[in-house]
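Whatever order the structure lists ligands and atoms in, that order sets their numbers, starting from 1. Quantities reported herein were computed from a predicted structural model and do not represent experimental measurements.
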Amino acid sequence: MPNASTMNNDNMRPLTIVADSNIASLNEFFNASTLGQETKRTVKIFAVTGRDINAQLIAELQPDVLLIRSVTPIGAALLADNNSVKFVGSATIGTDHVDQDYLAARNITFANAAGCSKHSVAQYVLTAILSLRPQYWQPSIAPVTLGIIGLGNIGSTLARYAHDLGWQVLGYDPLLPASNINNASLAQVLSQSNVISLHVPLTDRKDDANPSGSDYPTRHLIDKNALDTMPSETLLINSARGPVINAHDLVADIKHTGRQVVLDVFEHEPEISEDLLSKLAIATAHIAGYTVEGKLRGTQIIYDALCEKLAVTPAQSMHTLLPLNMFLWSELKAHPERLIKFYNIMQDDAALRSKLADGQVKGADFDQLRRDYHLRREWQS
Ligand SMILES: NC(=O)c1ccc[n+]([C@@H]2O[C@H](COP(=O)([O-])OP(=O)(O)OC[C@H]3O[C@@H](n4cnc5c(N)ncnc54)[C@H](O)[C@@H]3O)[C@@H](O)[C@H]2O)c1
Ligand SMILES: O=C(O)[C@H](O)[C@H](O)COP(=O)(O)O
């Protein structure tokens, strides 16, 4: 069984890491002084575009460690012919791109970055709502009910901001106990909310062929049936995973109802059809979690997990890498007119729409927008 000693004692050989070049501060976190200070082991790091991490590359480089983000599918197709990888770290919250059963069966340690961008995504959602409906800053004039589907790290963080703004929260999460926010059925959330925001993982139904699936699958959770129960004035926001909404049904719904819809994630990502894009109130290129803080926290979490695996003491901290942050939630609350300075979401919307050509946004253009994204700052609460 691979363990710290099999990864550490092979000191003749450098610790070899293949990593997605889109991981923040890769070289600051993964180098000989932050990983090998106790063992004197050298570190070789190959930074590659996430979609280019494939079986051939892994066979060629024989890495000990794979560090990825959400665009590299991890499973048998990538690793079947490889015996060198002992640790996979995904600097993301979502894990739907990782076959964790396969990794466990191969005794490959896996770590993801749970919660790393929970404030960033919650702030993205607030910005979308308040940009489209500025009247919601004053809930006494227009009572606001925010429906939240999925009340984990992001959903519960969003609920705290909502309460702080005086909004009511109707929440649904069948996998958590009832609480002051887990207080409604799915049908109630769908039919009684002014805004619905999705914060679930992408899951498929559990069955014999898929024992690690869910009894509450989320793929196409929002389909024609669900949309039909939502009043046409209800604003729908998806910053979870694209396939949680059936894109075909959504296009038909918007045509019929004129509903305002905000998407940061798309069913056929990284491609987006003009038919869908042209109907959205706000569309962004899967950047809801893209803040300096959110991305660095993601790196820190998988770095700490790798240190644990290697049995070395962590020697790098994101706090030494963070520039000064002047964005205060208390200031924004007192000065709603400053929202555009805190986050100009319409700029991100325009950047995505500018990539539309020949009836679609192409995958390469979508990926490039994300690679070149100027990271926002998280508002401090
Ligand atoms: N757009 C982005 O940039 C971005 C950034 C971070 C995360 N995400 C996505 O957001 C998702 C949620 O993130 P999180 O940190 O809150 O995850 P989390 O695991 O902390 O919470 C997810 C919650 O969803 C609940 N859930 C599962 N199935 C459900 C169902 N059928 N109905 C209602 N609730 C259900 C779970 O019980 C859990 O409480 C991630 O899985 C990821 O895919 C997107
Ligand atoms: O799950 C997550 O953490 C996010 O969706 C993540 O921000 C996606 O970004 P990527 O990994 O594609 O850079």
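For R371 (side chain) and S21 (main-chain N/O), no donor-acceptor pair under 3.5 Å exists by modelled atom type. A side-chain donor-acceptor contact under 3.5 Å links T291 to the backbone of G294.
Under the 30°/60° scheme for interplanar angles, the aromatic rings of F342 and F327 are found to stand perpendicular.
Ligand 2 has no N or O atom lying under 3.5 Å from any N or O atom of C116, backbone or side chain. At a 3.5 angstrom cut-off on N or O pairs, I93 counts as close to ligand 2.
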Let me see the working for T284 and D264 under side-chain hydrogen bond (donor to acceptor under 3.5 Å, both in side chains), right down to the final yes or no. CA-CA 5 Å; T284 53; D264 181 53; 2.7 Å; yes

Show your working on side-chain hydrogen bond (donor to acceptor under 3.5 Å, both in side chains) between W167 and N194 and close with a plain yes or no. CA-CA 10 Å; W167 300 352; N194 301 109; over 6 Å; no

Report the C-alpha separation of I154 and I93 in whole Å, then their side-chain angles, then the decisive distance to 0.1 Å, and conclude whether the side-chain contact (heavy atoms from CB on, under 4.5 Å) test is met. CA-CA 10 Å; I154 299 173; I93 293 180; 4.0 Å; yes

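Across L67 and V65, no two heavy atoms sit closer than the pair CD2-CG1, 3.7 Å. In terms of heavy-atom proximity, A128 sits nearest to V262 at CB-CG1, 4.0 Å.
Closest protein heavy atom to atom 7 (O) of ligand 2: R69 NH2, 3.4 Å. Looking from atom 11 (O) of ligand 2 to the surrounding protein, the closest heavy atom is S70 N, 2.8 Å. For atom 13 (O) of ligand 2, the closest non-hydrogen atom on the protein side is Y290 OH, 2.4 Å. Of the protein's non-hydrogen atoms, the one nearest atom 5 (O) of ligand 2 is H286 NE2, 2.7 Å.
Sorted by first then second residue, the side chain to side chain donor-acceptor pair (under 3.5 Å) pairs that include residues 317-326, not counting sequence neighbours, are E293-N325, Q316-T320.
For D81, the CG atom sits in a loose shell: 12 or fewer heavy atoms of surrounding residues, nucleotides or ligands are nearer than 6.0 Å.
Atoms of ligand 2 lying under 4.0 Å from any heavy atom of T92, numbered from 1 in the order shown and given with element: 1 (O), 2 (C), 3 (O), 11 (O). Interface of G94 with ligand 2, defined as ligand atoms under 4.0 Å from a residue heavy atom, comprises 1 (O), 2 (C), 3 (O). Interface atoms of ligand 2 facing N22, defined by a heavy-atom separation under 4.0 Å, are 13 (O). Close approach to R241 involves these atoms of ligand 2, each under 4.0 Å from a residue heavy atom: 1 (O), 2 (C), 5 (O).
In this structure Y373 satisfies the ring pair (Phe, Tyr, Trp, His ring centres under 6.0 Å) test together with Y290, sequence neighbours excluded.
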Identify all N/O pairs between ligand 1 and the protein with a separation under 3.5 Å and present them as a table of atom names and distances.
| from | atom 1 | to | atom 2 | distance (Å) |
| --- | --- | --- | --- | --- |
| ligand 1 | 1 (N) | S239 | O | 2.9 |
| ligand 1 | 1 (N) | D264 | OD2 | 2.9 |
| ligand 1 | 3 (O) | G289 | N | 3.1 |
| ligand 1 | 16 (O) | N153 | N | 3.4 |
| ligand 1 | 16 (O) | I154 | N | 2.9 |
| ligand 1 | 20 (O) | N153 | N | 2.8 |
| ligand 1 | 20 (O) | N153 | ND2 | 3.1 |
| ligand 1 | 31 (N) | Y216 | O | 2.8 |
| ligand 1 | 37 (O) | D173 | OD1 | 2.8 |
| ligand 1 | 37 (O) | D173 | OD2 | 3.2 |
| ligand 1 | 39 (O) | G152 | N | 3.4 |
| ligand 1 | 39 (O) | D173 | OD2 | 2.6 |
| ligand 1 | 43 (O) | R241 | NH1 | 3.3 |

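Within the 4.0 Å heavy-atom cutoff, R370 counts among the residues contacting ligand 2.
At a 4.0 Å heavy-atom cut-off, ligand 2 does not touch V265 at all.
Taking Ile, Leu, Val, Met, Phe, Trp and Tyr as hydrophobic and joining them when side-chain heavy atoms fall under 4.5 Å apart, one finds L324 in a cluster with M326.
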